[in-house]
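Below: one structure, written as structure tokens.
Quick note: numbers below take in every heavy atom, side chains included, and nothing from hydrogens, waters or symmetry partners. So that the names make sense, note that chain A is the first sequence line, chain B the second, and so on, each numbered from 1.
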Amino acid sequence: MKKFYITAAIPYVNAKPHIGHALEYIQGDVIARYHNLLGDKTTYLSGGDENALKNVQAAEKAGVEIQKFVDQNSQAFKEMAEKLHVQFDVFFKGSDKERHYPATQKLWNLCDAAGDIYKKTYKGLYCVGCEAFYTPDELDENGECFEHPGKKLEEVEEENYFFRLSRYQEKLIQLIESDEYKITPTSRKNEVLSFLKQPLQDLSISRSNERARNWGVPVPEDPSQRIYVWFDALNIYQSGVGFGWDEEKYKEYWPADLHVIGKGIIRFHAIYLPAFLLSAGLQLSKALFVHEYITVEGKKMSKTVGNVLDPIPLAEEYGAETLRYYLLAKLSPFSDGDFSEEKFKETINADLANGLGNLVARVAKLCEQNQIKGVTRNLAMAKEVGSLIESYKLNEALGFIWGQITEADKKINEEKPWELSEEKVKPILEDLISRIQQIAFNLKPFLPETSEKIISQFSGTIKSQAPLFPRI
RNA sequence: CGCGGGGUAGAGCAGCGGUAGCUCGUGGGGCUCAUAAUCCCAAGGUCGUUGGUUCGAAUCCAACCCCCGCAACCA
């Protein structure tokens, strides 16, 4: 049996999840469910990036104790996944001191043993507001950061540990060019390669306790420093499946077959993560799928604009599966897509109520009237759908399935089963039943609950039932 | 000269070298099994502008004009 280990990104848990997180979870879920159907031993992981300084800041602002704060927010991510029928096999927390801390220290020690970690005095411009360093070209014309105009930056000097990223530049280019580490889509692969043509700077991978507010994984044998959050967060992909605490389990799962991420964190996944793994002498992940962002009513989501969209009320009002359908069918995986409530409703009516739901209802009624039973058959995913999922073209896969729905509708109108005698109608309805069963099976990874409902409705005695998707 | 994406019917999008296509909406017709559903037909576009390459360009090249992102720690 093949194994398939897939991950969604490990989000910062400094705020509640929004619809962008939902998109990623759902995309990964479809791919995971598809591999499950193929019979692969599939594991789908996400978790909480809990050791980031941003979490400390957000907790202070909220006046909540830090551990409690990250626990609450991680829980919100987990609950969102459940509400959207996203099944994670592992949801791993960065603040897990029993298993994750030792895992990150282990990764550190491996990189250190390879001679890739060294101490250096870092001098930089520090924005107290952001609690982050900036290079001069990242600042506005007044030499101030964009978040806190009017605030002077401090010149700070601090001793940190650095990772020799520069050492892996050539190797990374080779791995990515050859698709040994396959980045999809190609435009993103090219973006990474063009970035890799410039000299890579070594990466600061620790902070003083003072700057880290004593939060995060301590540097081994130097309790005055904490490990930089990205070195730590990326390692959740490994620690979540046993790295550092159950080597046998780890060997079973690693390397990851696919990381699903958003375009904003491509450098960490395309460059840092493989570099850390190379340094530590561990196996590299096999593939990276980079999705784009959702705009809301044509605008970028942002806290200052106040248009950050929470998927949970939408799922509660319109149904989790309708939201899954919209996000999967109506957004291109490789370019930004827009969400608006109006388009969402239009899609529910046009595709789900009038399309899928109505087809199921009309065939069910015809079967009920003619007392035709559904025979349970062995089904397999249509190969067109499978290959579209494997190339992450989830919207096209659903387009293909909706083509099958249209065909079935046409067939009914052509054959006019309501005019036919009992003997003549039987083969026609049996053909329609098998079409619907096939459609339902193809839908399994996308709309798992709907798929189940249809399959059970068309097994044995078939009865007309309440609409799958009422018009709204 | 920072990097990238985009400008195609009323709206939203696909096509990316060879008679302009999809969804929604609109108009007409058919059907009655179905959730005012479904099926058929029709109207509607000088494919951002200008120039070039080509037998032929929405599709390639150049310049320009407008949108929108990103610019090492933001899904």
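Out of B:G12, B:C39, B:C31, the shortest distance to the side chain of A:Lys343 is found at B:G12. Comparing B:A75, B:C33, B:U35 by their closest approach to the side chain of A:Ala353 singles out B:U35. The nucleotide whose nearest atom lies closest to any side-chain atom of A:Lys263 is, among B:G69, B:U35, B:U32, B:G69. With B:A72, B:A75, B:C24 as the choices, the nucleotide that has an atom nearest any side-chain atom of A:Ala350 turns out to be B:C24. Taking the side chain of A:Thr406 as heavy atoms from C-beta on, and the options B:C39, B:C33, B:U35, the nearest nucleotide is B:C39.
The side chain to side chain donor-acceptor pair (under 3.5 Å) test with A:Lys330 is passed by exactly one of A:Thr347, A:Asp351, A:Asn395: A:Asp351.
Taking only distance into account, the side chain of A:Tyr272 meets the base of B:A72 through a donor-acceptor pair shorter than 3.5 Å.
Taking CD1 from A:Ile405 and CG from A:Asn354, the interatomic distance works out to 11.5 Å, rounded to the nearest 0.5 Å. Distance CG/A:Asp232 to CG/A:Asp49: 7.0 Å, rounded to 0.5 Å.
Judged by closest nucleotide on RNA chain B, A:Lys416 is the one of A:Phe469 and A:Lys416 placed further toward the 5' end.
Using a 4.5 Å cut-off on side-chain heavy atoms (C-beta onward), A:Trp108 and A:Ile205 make contact.
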Working note: A:Glu292 + A:Arg188, criterion salt bridge (charged side-chain N to carboxylate O under 4.0 Å, His left out); need CA distance, chi angles, decisive distance, verdict.
CA-CA 10 Å; A:Glu292 308 271 315; A:Arg188 291 293 164 199; 2.8 Å; yes
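Among residues two or more places apart in sequence or in another chain, the ring-ring contact (aromatic ring centres under 6.0 Å, His included) test is passed with A:Tyr325 by A:Trp402.
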Dot-bracket for RNA chain B, please, read 5' to 3', with Watson-Crick or G-U wobble pairs under 3.5 Å on both distances, ( ) within the strand, [ ] crossing, | other strand, . unpaired.
.(((((((.[[[[.)..(..]]]].(((((.......))))).....[[[[[..)....]]]]])))))).....
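Residues from residues 451-462 of chain A with heavy atoms under 4.0 angstrom of RNA chain B: there are none.
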